[in-house]
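These values consider heavy atoms only, across backbone and side chains, with no hydrogens, waters or symmetry-generated copies.
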Amino acid sequence: MSDPPENWQDAGLADLAPAALQCRMVGAARVLIVRDAAGSWFAMAPDCSHAALSLEGGRVRGSAIMCPHHGARFDLKTGRHLGPPAWTGIATWPVRVVGDRVEVLL
């Protein structure tokens, strides 16, 4: 029996500036697309695990995102929480750029 095919889904244009982020619809899911200052791309759950408020508007600092509401921080690659008030991490997914498009493996 073979493995099922990977399900990469289009997440829009690869047009984010370095250290920027944006919530986008990927299939039927809201996903936070992030580009760090070095130009690497990440895909993560769009809401903070502390108060379920949107991370959109947060700041990208190094390899972390800081929630704009209460300052919780999350690792861009793993989603692990890095500081209170969040005590649990958030989901992340593999992301790639193909041509001028971002794709997320959901």
With rounding to the nearest 0.5 Å, note down the distance linking CD in Glu103 to CD in Gln9.
-> 9.5 Å
Are any of the side-chain heavy atoms of Leu21 and Ile33 separated by less than 4.5 Å?
-> no
With respect to Leu55, which candidate in Leu32, Val34, Asp47 satisfies the side-chain contact (heavy atoms from CB on, under 4.5 Å) definition?
-> Leu32
Decide yes or no for Ile65 and Leu76: does some side-chain heavy atom of the first lie under 4.5 Å from some side-chain heavy atom of the second?
-> yes
Side-chain touch Val102/Val95, heavy atoms, less than 4.5 angstrom | yes
Roughly how far, to the nearest 0.5 Å, is the OG atom of Ser63 from the CG atom of Leu82?
-> 7.0 Å
Is the backbone of Ala86 close enough, under 3.5 Å, to the side chain of Ser49 for a donor and an acceptor to pair up by distance?
-> no
Check whether any side-chain heavy atom of His81 sits under 4.5 Å from a side-chain heavy atom of Trp87, and report yes or no.
-> yes
Cation over ring face, Arg96 and Trp8, 6.0 Å, 45° = yes
When rounded to the nearest 0.5 angstrom, what distance separates CZ in Phe42 from OG1 in Thr78?
-> 10.0 Å
Test ring-ring contact (aromatic ring centres under 6.0 Å, His included) applied to His70 - qualifying residues, sequence neighbours left out = His50
Is the backbone of Leu16 close enough, under 3.5 Å, to the side chain of Arg35 for a donor and an acceptor to pair up by distance?
-> yes
Going through the distances and angles, do Arg61 and Asp75 end up as a salt bridge (Lys or Arg N to Asp or Glu O under 4.0 Å)?
-> CA-CA 10 Å; Arg61 294 287 183 256; Asp75 183 276; over 6 Å; no
Go through the steps to decide whether Ser40 and Lys77 satisfy the test side chain to side chain contact (heavy atoms under 4.5 Å, CB included), and finish with yes or no.
-> CA-CA 10 Å; Ser40 296; Lys77 188 172 186 176; over 6 Å; no
Taking all heavy atoms of Pro46 and all of Cys23, pick out the closest pair and write down the distance.
-> CB-SG, 3.7 Å
Less than 4.0 Å between a side-chain N and a carboxylate O, is that true for Asp15 and Arg24?
-> yes
Measuring from Cys67:SG to Arg59:CZ, what's the distance to the nearest 0.5 Å?
-> 10.5 Å
OG1 on Thr92 to CE on Met44, rounded to 0.5 Å | 6.5 Å
